[in-house]
Amino acid sequence: MKKILFTLLCVFPAMAFAAGGGIPLDKANNDITDKASLRSGAETFMNYCLGCHSLKYQRYNRTFADLDIDEKEGIETLMFTGEKPGDHITNNMPEAEAAAWFGAAPPDLTLVARSRKGADWIYTYLRGFYLDPSRPFGVNNIAFKDVGMPHVFQNLQGVQELSDDAKAMLALPSTEQRPLTSDDLVLVQEGTMTPAEYDKMVRDLANFLEYTGEPSKVDRIRLGYWVMGFLVILFILSYLLKKEYWRDVH
């Protein structure tokens with residue numbers, strides 16, 4: 001028994017570290033039931049991200065229906081590549097050329113919230129770019145070290161760089177370093193948005209990408225409550241039936 005307990009005490013912390021390893025993530029505090037936020041995130045994605053990243057497992061008309069967007073309005077405001085509403089959300093960037101430009105072809109983002117650590121990771125990543133002259137696009141990222149992507153929102157967010165304390169920490173031996181966090185970033189040049197406005201924009205975008213990872217999540221959760229309620233009632237009825245059945249036996 002002692003050996004089993006010792007093993008569990010060793011394994012569970014390791015599992016927790018593996019599941020939540022990396023940098024401390026900022027909380028997006030997003031709400032996938034907030035359709036205004038989802039519509040805002042969809043608009044941001046179509047205008048800023050679709051040129052490089054696709055959502056090849058998501059259809060336009062499914063998005064319009066789930067987000068309460070009129071199809072005619074959706075076609076006019078969110079469809080720019082001549083596709084039909086029933087088509088998947090893709091782009092025309094040639095994969096080979098994209099790999100040459102960026103070092104690797106920009107990934108499809110339909111499932112990014114599920115393959116990473118949810119909306120919190122996306123939120124932290126989009127707020128985590130900082131100046132790094134050693135990188136091809138002049139920026140690095142606290143959530144994705146040596147990222148090969150330019151900061152497409154830099155004119156909106158502004159320019160960030162590492163604080164003096166963070167730079168001093170990175171000059172230490174690797175064994176004495178710690179992961180960078182958003183607290184290590186300093187805004188040195190303002191963008192067209194205030195920090196609060198920018199945070200809201202990327203929160204909405206992270207919210208939208210969490211939705212695309214599982215469009216039926218809200219319905220699944222809602223149905224789950226009904227199923228649990230049904231099982232509770234079924235248990236009560238089964239228990240009462242069992243008592244009635246065995247009453248004469250006892």
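This is a predicted model, so every value here is computed, not measured.
From Met149, atom CE reaches atom SG of Cys49 across 6.5 Å, with rounding to the nearest 0.5 Å. Distance check: Thr63 OG1 to Leu38 CG gives 10.0 Å after rounding to the nearest 0.5 Å. To the nearest 0.5 Å, atom CG of residue Leu109 and atom NE2 of residue His53 are 5.0 Å apart. Annotation: the span from Asn207 atom CG to Lys200 atom NZ amounts to 10.0 Å, rounded to 0.5 Å. Taken to the nearest 0.5 Å, the CG atom of Leu156 stands 11.5 Å off from the CG atom of Leu126. Remark: Lys167 NZ to Glu161 CD distance equals 4.0 Å, nearest 0.5 Å.
When all heavy atoms are compared, the tightest approach of Gln177 to Met169 is CG-O, 3.4 Å. Across every non-hydrogen atom of Ala143 and Trp121, the tightest pair is O-NE1, 3.7 Å. For Leu185 against Gly128, the heavy-atom pair with the smallest separation is CD1-CA, 3.9 Å. Looking at every heavy atom in both residues, Ala206 comes nearest to Ala119 through CB-O, 3.7 Å. Minimum interatomic distance between Met93 and Gly51 (heavy atoms only, all atoms of both residues): CE-O, 3.5 Å. Considering every non-hydrogen atom in both Asn29 and Asp120, the closest pair reads N-OD1, 4.3 Å.
Counting heavy atoms from C-beta on, the side chains of Thr44 and Asp204 never come closer than 4.5 Å. You'll find the side chain of Phe64 reaches within 4.5 Å of the side chain of Met79, heavy atoms only. At a threshold of 4.5 Å between non-hydrogen side-chain atoms, the residues Leu67 and Tyr211 count as touching. Under the 4.5 Å side-chain criterion, counting only non-hydrogen atoms from C-beta, Val147 is not in contact with Phe137. Two residues are said to be in side-chain contact when any heavy atoms from C-beta on lie closer than 4.5 Å; Ser216 and Glu214 meet this criterion. The side-chain heavy atoms of Ser182 and Ile142, taken from C-beta on, include a pair separated by under 4.5 Å. With contacts defined as side-chain heavy-atom distances shorter than 4.5 Å, the pair Tyr60/Ile89 qualifies. Thr77 is not listed as a side-chain neighbour of Glu43, based on a closest heavy-atom distance of 4.5 Å or more.
With sequence neighbours left out, the salt bridge (Lys or Arg N to Asp or Glu O under 4.0 Å) criterion links Glu97 to no other residue. In this view, Asp108 satisfies the salt bridge (Lys or Arg N to Asp or Glu O under 4.0 Å) rule with no residue, not counting sequence neighbours.
Put simply, the residue from Arg127, Gln189, His151, Glu197 that forms a side chain to side chain donor-acceptor pair (under 3.5 Å) with Gln157 is His151. Across Leu180, Val188, Leu187, Val139, a single residue satisfies side-chain contact (heavy atoms from CB on, under 4.5 Å) together with Tyr130, and that is Leu180.
Under 4.0 Å is where a charged nitrogen must lie from a carboxylate oxygen, and between Arg178 and Asp184 at least one such pair does. A salt bridge is absent between Asp199 and Arg203; no separation between the charged side-chain nitrogens and carboxylate oxygens falls under 4.0 Å.
A side-chain donor-acceptor contact under 3.5 Å links Thr110 to the backbone of Lys56. Between the side chain of Lys217 and the main chain of Thr212, no donor-acceptor pair closer than 3.5 Å is present. Looking at Asn91, its side chain does come within 3.5 Å of a backbone N or O of Cys52 through a donor-acceptor pair.
Remark: Tyr57 OH is loosely packed, at most 12 non-hydrogen atoms of other residues, nucleotides or ligands lying under 6.0 Å away. The neighbour count for Glu176 CD, taken as heavy atoms of other residues, nucleotides or ligands under 6.0 Å away, is above 12.
Evaluation of the side chain to side chain donor-acceptor pair (under 3.5 Å) test over residues 134-150, restricted to residues two or more places apart or in two chains, returns Asp132-Ser134, Asp132-Asn140, Asn140-Asp146.
Ring orientation note: the planes of Phe208 and Phe45 are tilted relative to one another, at an angle of 30° to 60°.
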